[in-house]
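As structure tokens, the structure follows; a few thoughts come after it.
The figures that follow rest on heavy atoms only: side chains count, while hydrogens, waters and symmetry mates do not.
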Amino acid sequence: MQFFGGSSLTSVAPEASPAPAAPPGTGTGANAQVLYVFNRNGVCLLYREWHRPLRTLDPTQDHKLMFGLLFSLRSFTAKIDPTAAEKGNLGVPLLPGQGCSFYSFKTNTYKLNFMESPSGIKLILITHPRTGDQRDSLKHIYNLYVEYVVKNPLYAPGTPIKCELFNKHLDQYVRTLI
């Protein structure tokens with residue numbers, strides 16, 4: 001099942017500020033740092049940190065800024081899509097799968113990897129900037145979410161994820177990325 005369409009948005013870091021070296025023991029350089037899971041209304045269902053070197057914001061403010069960034073990037077990529085005949089207004093919410101989408105962007109200190117499911121669940125994985133394509137990793141994490149959260153009869157949709165089995169399998173999978 002393909003969750004994406006359109007083109008990807010990648011920014012190139014200037015040569016003057018090179019990316020930091022991959023942390024020791026990362027093997028392929030895949031270094032998962034932070035995972036966000038948002039529902040279609042912008043509610044943060046899950047926030048997990050593995051290797052976040054610096055915490056500068058209140059978690060609630062951090063979640064709002066991340067969702068705002070995603071909302072803006074999705075709107076912007078749809079607006080500049082050269083293949084769409086009808087250009088929507090900037091800031092107008094898009095339905096999942098509508099318009100062109102982006103998969104990731106990179107700075108000199110991190111790479112943001114993004115996936116939106118057909119149901120509007122947004123997964124954001126922050127990794128080391130030298131990390132390769134993480135679309136398959138995000139799809140695997142989404143499949144874990146479906147298997148251990150959505151199919152859990154005790155989970156109420158739209159509430160924060162507090163499922164031990166999901167967290168256990170997520171941690172095991174993320175360790176394979178490191």
**Message:** Please determine whether side chain to side chain contact (heavy atoms under 4.5 Å, CB included) holds for the pair Ile124 and Met66, giving the CA-CA distance in whole Å, both sets of side-chain angles, and the decisive distance to 0.1 Å.
**Reply:** CA-CA 9 Å; Ile124 301 97; Met66 181 58 68; 4.1 Å; yes
**Asked** Would one find more than 12 heavy atoms of other residues, nucleotides or ligands at under 6.0 Å from atom CD of Gln172?
**Response**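 Check passes, neighbour count above 12.
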Provide the closest heavy-atom pair for [X] versus [Y] in the form atom of the first, atom of the second, distance.
| X | Y | result |
| --- | --- | --- |
| Asp133 | Lys111 | N-NZ, 4.0 Å |
| Ala156 | Thr159 | O-OG1, 2.5 Å |
| Phe38 | His63 | CZ-O, 3.5 Å |
| Thr109 | Pro129 | O-CD, 3.5 Å |

**Prompt:** For Asn39, which residues count as a side chain to side chain donor-acceptor pair (under 3.5 Å) partner, sequence neighbours excluded?
**Reply:**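 With neighbours one apart ignored, the set is empty.
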**Message:** My understanding is that only residues two or more places apart in sequence, or in another chain, count here; which of them pass side chain to side chain contact (heavy atoms under 4.5 Å, CB included) with Glu49?
**Reply:**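 Glu49 satisfies side chain to side chain contact (heavy atoms under 4.5 Å, CB included) with Val34, Tyr47, Arg52, Arg55 only.
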**Asked** Mind checking what makes side chain to side chain contact (heavy atoms under 4.5 Å, CB included) contact with Tyr148, not counting sequence neighbours?
**Response**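 With sequence neighbours excluded, Tyr148 shows a side chain to side chain contact (heavy atoms under 4.5 Å, CB included) to Leu144, Cys163, Leu165, Phe166, His169, given in chain and number order.
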**Request:** Supply the atom-to-atom distance Ile141 CD1 to Asp136 CG, rounded to the nearest 0.5 angstrom.
**Result:**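 If we round to the nearest 0.5 Å, Ile141:CD1 and Asp136:CG are 11.0 Å apart.
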**Asked** Can you tell me how far the CD1 atom of Ile126 sits from the CD atom of Gln134, to the nearest 0.5 Å?
**Response**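 CD of Gln134 is found 11.5 Å from CD1 of Ile126.
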Where the side chain of [X] meets the backbone of [Y], is there a donor-acceptor pair that is under 3.5 Å apart?
| X | Y | value |
| --- | --- | --- |
| Ser117 | Ile121 | yes |
| Thr77 | Leu73 | yes |
| Arg40 | Ser119 | yes |
| Lys122 | Gly120 | yes |

**Prompt:** Taking C-beta and beyond as the side chain, do Tyr145 and Leu170 meet within less than 4.5 Å on heavy atoms?
**Reply:**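 Tyr145 does not reach Leu170 side chain to side chain.
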**Prompt:** Mind checking whether Val37 and Arg48 have side chains closer than 4.5 Å, heavy atoms only?
**Reply:**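 Of all side-chain heavy-atom pairs linking Arg48 with Val37, none is under 4.5 Å.
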**Message:** Would you say Ser137 and Tyr173 are linked by a side-chain donor-acceptor pair, where the criterion is simply a distance under 3.5 Å?
**Reply:**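 Distance-only check passes for Tyr173 and Ser137.
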**From CA spacing to verdict: side chain to side chain contact (heavy atoms under 4.5 Å, CB included), Ile161, Tyr155** = CA-CA 8 Å; Ile161 299 169; Tyr155 176 71; 4.1 Å; yes
